[in-house]
Amino acid sequence: MGNRDLQISGAGSYPGGQFDAVSISGAGKINGDLKCIRFSGSGSAKVHGNVICDKFGCSGAGKVTGDVEAKEVKVSGSCKIGGDMRGGLLVSSGATTIEGDIKCEKVTASGVLTTGKNIEAEEVNIEGAIKNYGTINAEKIRIECRTGNGSCTFNEMGASKISINGYNESSRPYFFKLFGMFTGGTSVITGNVVEGDDIYMENADVKMVRGDRVVIGPGCRVQQVEYRETIEISDKAEVIDVVKN
């Protein structure tokens, strides 16, 4: 890569190109594809194009209209990616929206993660809220929804090991109680299909569950469960149909 740095600390618009480090702490806009070692946005950063870098960081209000390819993506503010995200690690503690596919090694989110298409990763850990409109495929999936009704939704997920858990009022974090956010009900994770080898679910509303070893915990509502080896169903769960394959 080149040996130039690009720093925007006020309002400015620059063409894309190849840099070592790109830093935007103001209202900066880059028009065109961007290649760099490090990208940092702490203001209103916009890239009208694709971004390829080693490290991508956003602690402000960031937007990329194209794809982002990076070894590490960290979001602690608000970031919207109009295309795909490809790389190694995605860490989101803010509000991240990716309209395309996510293909990376590990996804960790403690804020709000919204994905328009599919997630493919070795490991997916969610401790906040997720809205997924495609398919989540991983070796291990763990979702701990910490908000409330309607905030955690998915279409389909498949993994070797799956653990999904909503909340009840007594376990809800103090922050959400203090501000009265998302009150009412206990089943906050809703989805269509869960398929895996080992599945544990709590406080989830799912249409179909398929697995080898399945545990349906309290607060669950499931239309149909198909299992191959073992199944446990809590007396505080509602399962309409159970089929052994």
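These numbers were taken from a predicted model, which means no experiment stands behind them.
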Is it true that [X] and [Y] make a salt bridge, defined as a side-chain N closer than 4.0 Å to a carboxylate O?
X    : Y    : answer
R210 : E226 : yes
D67  : R86  : yes
R221 : D205 : yes
D198 : K161 : no
R142 : E127 : yes

[X] side, atom [atom1]; [Y] side, atom [atom2] - distance, nearest 0.5 Å:
X    : Y    : atom1 : atom2 : answer
C79  : K74  : SG    : NZ    : 14.5 Å
I162 : I143 : CD1   : CD1   : 8.5 Å
K140 : N125 : NZ    : CG    : 6.5 Å
K63  : T97  : NZ    : OG1   : 11.0 Å
D20  : R38  : CG    : CZ    : 7.0 Å
C58  : I81  : SG    : CD1   : 8.5 Å

Verify the distance criterion only: is there a donor paired with an acceptor across the side chains of [X] and [Y] at less than 3.5 Å?
X    : Y    : value
N132 : T115 : yes
Y200 : E202 : yes
E139 : S160 : yes

Do [X] and [Y] share a hydrophobic cluster, counting only Ile, Leu, Val, Met, Phe, Trp and Tyr and linking them when any side-chain heavy atoms are less than 4.5 Å apart?
X    : Y    : answer
I199 : V242 : yes
I233 : Y227 : yes
V206 : V239 : yes
V91  : V124 : no

> Which atoms form the tightest heavy-atom contact between C104 and G88, and what is the distance?
Replying inline: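 Looking at all heavy atoms of both residues, the closest pair is CB-O, 3.6 Å.
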>> Donor-acceptor pair, distance only, cut-off 3.5 Å: does the side chain of N50 make one with the backbone of G66?
In response: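 Looks like no, no N/O pair under 3.5 Å.
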> Under 3.5 Å, is there a donor-acceptor pair between the side chain of T135 and the main chain of M157?
Replying inline: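 No; zero donor-acceptor contacts below 3.5 Å.
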> Between I189, N192, V193, I126, which is the residue that forms a side chain to side chain contact (heavy atoms under 4.5 Å, CB included) with F154?
Replying inline: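 Running side chain to side chain contact (heavy atoms under 4.5 Å, CB included) over I189, N192, V193, I126 with F154 returns exactly one hit, I189.
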